[in-house]
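Data first, discussion second: the structure below is written as structure tokens.
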Amino acid sequence: MPHHALEIMLTRPLTTDELHHAARTWPLAANHDATRLMALMSAKIPDRAAHRLRRRLSTQLPIDVITSYYPDAHGKVLLNVAFPPATRTALKAAARLAGQTPERFVERTLHSALAEHADEEADRLDRELRRLLTHTTPAHLLSAVGHALTRLPEGPTP
């Protein structure tokens with residue numbers, strides 16, 4: 001049976017004792033601030049692996065989301081979220097109105113929101129570039145972008 005690499009995002013950082021206690025139940029690797037963990041779980045499919053991992057660790061860890069670490073052949077990443085009962089009821093009702101399963105409804109809603117965000121970000125960048133180009137030439141701007149990219153910090157800047 002294949003092993004699946006899963007990432008666990010927590011609702012808060014773990015204490016050292018909590019991490020050691022959970023790691024005795026299942027081998028885990030933590031990031032620097034113990035807000036994200038990695039685990040391997042054997043199962044035929046990633047959905048099953050995530051379900052098993054959540055069932056095994058949910059009483060010991062403040063699990064928010066479990067994702068597959070590697071995208072599948074279609075570039076998709078599994079997202080395993082345990083919704084509270086009221087949210088689950090609302091999702092089921094909305095999915096029923098849309099004629100979809102709750103899983104498909106959430107997938108399509110997330111896909112749509114991410115696409116909208118990407119479009120908004122592309123529009124924002126386009127506006128900003130046009131503003132910058134009112135004060136310089138394309139060649140100077142391209143040179144400045146190249147220079148800035150060679151000195152990028154670890155993550156995005158606000």
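- The closest side-chain heavy-atom distance from Leu37 to Leu61 is below 4.5 Å.
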#### Entry: Verdict with supporting geometry, His20 and Arg24, side chain to side chain donor-acceptor pair (under 3.5 Å)
CA-CA 6 Å; His20 287 297; Arg24 275 185 246 135; over 6 Å; no
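- You'll find the side chain of Ile8 reaches within 4.5 Å of the side chain of Leu28, heavy atoms only.
- Under the rule for a side-chain hydrogen bond (donor to acceptor under 3.5 Å, both in side chains), Thr11 has no partner lying at least two apart in sequence or in another chain.
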### Message
Applying side-chain contact (heavy atoms from CB on, under 4.5 Å) to His3 and Met41, what does each step give before you reach the verdict?
### Response
CA-CA 5 Å; His3 284 78; Met41 177 64 75; over 6 Å; no
For residues 42-55, run the donor-acceptor check on the side chains, cut-off 3.5 Å, and write out each pair with its distance to 0.1 Å, sequence neighbours left out.
{"from": "His51", "atom 1": "NE2", "to": "Arg55", "atom 2": "NH1", "distance (Å)": "3.4"}
{"from": "Arg52", "atom 1": "NH1", "to": "Ser42", "atom 2": "O", "distance (Å)": "2.9"}
{"from": "Arg54", "atom 1": "NE", "to": "Asn80", "atom 2": "OD1", "distance (Å)": "2.5"}
{"from": "Arg54", "atom 1": "NH2", "to": "Asn80", "atom 2": "O", "distance (Å)": "2.8"}
{"from": "Arg54", "atom 1": "NH2", "to": "Asn80", "atom 2": "OD1", "distance (Å)": "3.0"}

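- By the rule that hydrophobic residues join a cluster once side-chain heavy atoms approach within less than 4.5 Å of another member, Leu6 and Ile63 end up as members of one cluster.
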Under 3.5 Å, sequence neighbours excluded: what are the donor-acceptor pairs made by side chains of residues 83-98?
{"from": "Arg88", "atom 1": "NH2", "to": "Phe83", "atom 2": "O", "distance (Å)": "2.7"}
{"from": "Thr89", "atom 1": "OG1", "to": "Pro85", "atom 2": "O", "distance (Å)": "2.9"}

### Message
Could you go through Leu141 and Leu129, starting from their C-alpha distance and side-chain angles, then the distance that decides it, and tell me whether this counts as side-chain contact (heavy atoms from CB on, under 4.5 Å)?
### Response
CA-CA 9 Å; Leu141 180 58; Leu129 281 171; 3.7 Å; yes
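- Heavy-atom contacts from other residues, nucleotides or ligands closer than 6.0 Å to NE2 of His117 number 12 or fewer.
- Interatomic distance, CG of Asp119 versus CZ of Arg124, reported as 13.5 Å (0.5 Å rounding).
- When the side chains of ILVMFWY residues are joined at heavy-atom separations under 4.5 Å, either directly or via intervening members, Val106 and Val81 end up in a single hydrophobic cluster.
- Put simply, CG on Leu125 and CZ on Arg130 are 12.0 Å apart, with the number rounded to the nearest 0.5 Å.
- Linking ILVMFWY residues whenever their side-chain heavy atoms come closer than 4.5 Å, directly or via other members, places Leu110 and Phe105 in the same cluster.
- Under the 3.5 Å distance criterion, the side-chain polar atoms of Thr134 are matched with a main-chain donor or acceptor of Arg131.
- For the atom pair Arg36 CZ and Leu14 CG, the distance stands at 13.5 Å (nearest 0.5 Å).
- Residues Arg56 and Thr25 meet the side-chain proximity criterion, which asks for heavy atoms closer than 4.5 Å.
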### Task
Report the C-alpha distance between Asp33 and Asn31 in whole Å, list the side-chain angles of each, state the deciding distance to 0.1 Å, and finish with yes or no for side-chain contact (heavy atoms from CB on, under 4.5 Å).
CA-CA 6 Å; Asp33 63 357; Asn31 70 334; 2.9 Å; yes
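- Not one N or O on the side chain of Ser112 forms a donor-acceptor pair closer than 3.5 Å with the backbone of Thr109.
- Of all heavy-atom pairs spanning Trp26 and Leu40, the tightest one is NE1-O, 2.9 Å.
- Heavy atoms only, all atoms of each residue included: Ala30 and Leu19 are closest at CB-CD2, 3.8 Å.
- By the 4.5 Å heavy-atom criterion applied to side chains, Lys76 and Glu107 are counted as neighbours.
- Put simply, the side chain of Asp64 never gets that close to the backbone of Met9: no donor and acceptor are under 3.5 Å apart.
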### Query
Checking side-chain contact (heavy atoms from CB on, under 4.5 Å) for the pair His21/Gln60: CA distance, chi angles, key distance, verdict?
CA-CA 8 Å; His21 179 64; Gln60 299 171 42; 3.8 Å; yes
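- Between His111 and Arg108 the shortest side-chain heavy-atom distance does not fall below 4.5 Å.
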### Task
Begin with the C-alpha distance, continue with both residues' side-chain angles, and end with the deciding distance and a verdict on side chain to side chain donor-acceptor pair (under 3.5 Å) for His140 and Thr137.
CA-CA 5 Å; His140 284 130; Thr137 66; 2.9 Å; yes
